[in-house]
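Notes for the one structure printed next.
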Amino acid sequence: MAKRCLSPEHNLSDQTRISLLDNRLANQIAAGEVVERPASVVKELLENSIDAGASRIEVDVERGGARLIRITDNGRGIHKDDMGLALTRHATSKISKTEDLGCIQTLGFRGEALASISAVSRLTLTSRTRDSELAWQASAQGRDMAVDIQPAAASPGTRIEVADLFFNTPARQKFLRTEKTEFNHIEEVFKRQALANFSIAFMLKHNHKIAKRVPACAEPAQYLKRIATICGQQFVDSAIEFKCQHEVVKISGWLGKPSFHRSESDIQYVFINGRPVKDKTLNHAVRQAYEGLLPPGRMATYIIYLNVDASQVDVNVHPTKHEVRFSEQRLVHDLLAKSVSDALSEQVEFVEAIYPESSAISVQEGVDELSAVETSESSLTARRQSRHALYQTPKDGGNLETFDYIKSVINTTSHLNDRSSKVSQPSVSEPTQKMVTGGARHSDEAGATPVAKTTAVNDSDLVPLTGDYYLLRLENECFFADAIRLLRYFISNLLEGDLIAKNRALLFPQSIELSQSLLEDAQTHDLLVKLGFEVQPADAEQIQIRKIPSWLAPFGNQLIFDCLAEWLITGSQNNDALVEAIINQLTECGPLPEATLGVLSGVAGNKLHLDKLTSRGAMRAVTSQNMSTIFNMDK
Ligand SMILES: Nc1ncnc2c1ncn2[C@@H]1O[C@H](COP(=O)(O)OP(=O)(O)O)[C@@H](O)[C@H]1O
Ligand SMILES: [Mg+2]
């Protein structure tokens, strides 16, 4: 076999001797790793232009890139004396010592691309630095790839022309697909870079026609326009922008709502420090966050940017640099899954608890579902803003805003000690207010003086303090609230049937396995309904969940489905144990999600519950007395 492939000048005795490969052959072998098809050339050349600080890059291809690929940029150019080195393997301006490998800031660093591409095509490099009057043109010739340099005319920047790719490597040429397929791959590479570099203007031409053109984005407001050009207006219309900062990684981007799913994974982009990657771990994290929200076999859509310290990520894993390795792989995976999951769950409709048989009076009455959701989103935003404002203050000396706020409330409440004087005036005119409804049958139980049926709770009146503690303003009264105790109270009331949880339908009902004994237990069904689920038997060992409680939804379906069987086993023994089991599991994943807090503050805002919550230590009125205790503590 080996014998048949040998060239005629080889004889058998040559096989046992070692000789140095000529430059071209060595480069062609190296090209095998990085230059798989025309799109790989475009990828390498785009990376070089971006590394050169270009603000405008034009990509021109003919016949799917097999005939010609020309990339022109206005970057810093290459010095005449370096033109030869640029085409030489293992020559780079991007790293110079071993330590640099641990902290790579550029897209390229291997010093291989130009040499490899030039070994398998007819490559011409034309470049002019800004301080040079002349441009220079270089190409590598012959088996030793000697570089010939000639003066040329060109604007500052670099132009690289790659003609007749694989003309001298027929084995590779055979693998080229149709012009359309090859161009699609090029377009994909182009899109990735366009999404990673908003400040650069890009243009892509195929057979002299413009295929894509995106101007430079001077400010973030223009990003969506570019995203629409690259990913389509439908994605933009469905996109949820998200941003979060963790200790090791900053994550941001746009997530397609679960309702915008696709048959292909063609709108799934992940970037690490501006480098497009196809990383299995990161993709898994995103898939996990979307789990249960998409129909079977359908794909989520997203553009996600991760920023980590360059020393925490190794890009030298694969020659194409598509895969990366993090020093804290698991942590980054989990943070990404949580960030995406949180951003998606903030989109669930805003939820509240209702009372059985209540004579609900609501300022929202008559609004259609859509505007109700919009209201809930705007109130969520308002609450987020108030939280944001709170976090802005520390450099001015701690949570001053909170204290000012508390003081202002104390001033107001001191004039308003008669609670009954204000409950009858819910401020119905404010559109962002949500009504928490109260039923008359509970007034006896609450042992309260006659109260109005409803109390308005403005969502923006829930101010985070520290840990699980919040400041809750109810009309003119102000309370410190312990979110965990509120939750405990809420779940107990659900289990006792004093509250009914609202629920929402799953887009795709989910089946979960339960043991035969649990399935047959009537109490199981009762518990599920009380918690707010709607279920029906699926088969001998499964139940199908059709609706999930709105207060639990923000925790993500996966957590709920994972825990449900355990909760049911606990709950069949004892209600109190079930309450604790649920709280333990929910608080294990971090702070309570805002939508759930909204439900709790709604319950707390009801006059019927206020007294009970206060007596159980879940709420404490902010009074002049306990404030002076706080402020006089150090005196
Ligand atoms: N478009 C360009 N603008 C300026 N310099 C370039 C450009 N393309 C390549 N170079 C120079 O040529 C060198 C070799 O490029 P390449 O073979 O792609 O290796 P690498 O990018 O890994 O350094 C680069 O280090 C850079 O100095
Ligand atoms: Mg390069």
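The first residue in the sequence is number 1, and the count goes up from there. Counting starts at 1 for both ligands and their atoms, in listed order.
A side-chain donor-acceptor contact under 3.5 Å links Ser327 and Gln312.
A perpendicular orientation is assigned to the rings of Trp254 and Tyr305, their planes being inclined by more than 60° (bins at 30° and 60°). Relative orientation of the Phe183 and His206 rings is parallel, given thresholds of 30° and 60° on the angle between their planes.
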Glu187/Lys191 under salt bridge (charged side-chain N to carboxylate O under 4.0 Å, His left out): CA gap, chis, key distance, verdict: CA-CA 6 Å; Glu187 204 175 20; Lys191 285 178 174 181; 5.3 Å; no

Does the side chain to side chain contact (heavy atoms under 4.5 Å, CB included) test come out yes or no for Asp334 and Leu331, once each step is laid out? CA-CA 5 Å; Asp334 292 354; Leu331 183 63; 5.5 Å; no

Take Glu161 and Arg70, measure what salt bridge (charged side-chain N to carboxylate O under 4.0 Å, His left out) needs, and give me the verdict at the end. CA-CA 4 Å; Glu161 284 187 330; Arg70 183 194 301 118; 2.6 Å; yes

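Using a cut-off of 2.8 Å, one finds that Asn48 contributes an N/O/S atom close to the Mg ion (ligand 2).
Contact annotation: for Thr106 versus ligand 1, there are no heavy atoms closer than 4.0 Å. At a 4.0 Å heavy-atom cut-off, ligand 1 touches Ala52 through the side chain alone.
For ligand 1 and Ile78, the ligand atoms under 4.0 Å from any heavy atom of the residue are 4 (C), 5 (N), 6 (C), 10 (N), 11 (C). Residue Ala91 has at least one heavy-atom neighbour below 4.0 Å for each of these atoms of ligand 1: 14 (C). Set against the non-hydrogen atoms of Ala86, the atoms of ligand 1 under 4.0 Å away are 12 (O), 14 (C). Near Thr158, the atoms of ligand 1 lying under 4.0 angstrom from a non-hydrogen atom of the residue are 1 (N), 2 (C), 3 (N), 4 (C). Near Glu112, the atoms of ligand 1 lying under 4.0 angstrom from a non-hydrogen atom of the residue are 17 (O), 19 (O). Taking every non-hydrogen atom of Lys94 and a distance limit under 4.0 Å, the qualifying atoms of ligand 1 come out as 20 (P), 21 (O), 23 (O), 24 (C), 25 (O). The Arg110 neighbourhood of ligand 1 comprises atoms 22 (O), with distances under 4.0 Å to a heavy atom of that residue.
Remark: ligand 1 and Ser93 share an N or O pair separated by less than 3.5 Å (distance only, no angle test). Below 3.5 Å of separation, one finds an N or O of Phe109 facing an N or O of ligand 1. For Gly108, no nitrogen or oxygen atom sits less than 3.5 Å from a nitrogen or oxygen atom of ligand 1, counting backbone and side chain alike. Checked against a 3.5 angstrom limit, the closest N/O atoms of Thr92 and ligand 1 fall inside it.
Side-chain contact between Arg143 and Leu25 is absent, with no heavy-atom pair separated by less than 4.5 Å. Side-chain contact check for Val42 versus Phe190: every heavy-atom pair is 4.5 Å or farther apart. Residues Tyr290 and Val340 meet the side-chain proximity criterion, which asks for heavy atoms closer than 4.5 Å.
Using a 4.0 angstrom heavy-atom cutoff, Gly111 counts as in contact with ligand 1.
Between the OH atom of Tyr269 and the CD1 atom of Ile304 there is a distance of 13.0 Å, given to the nearest 0.5 Å.
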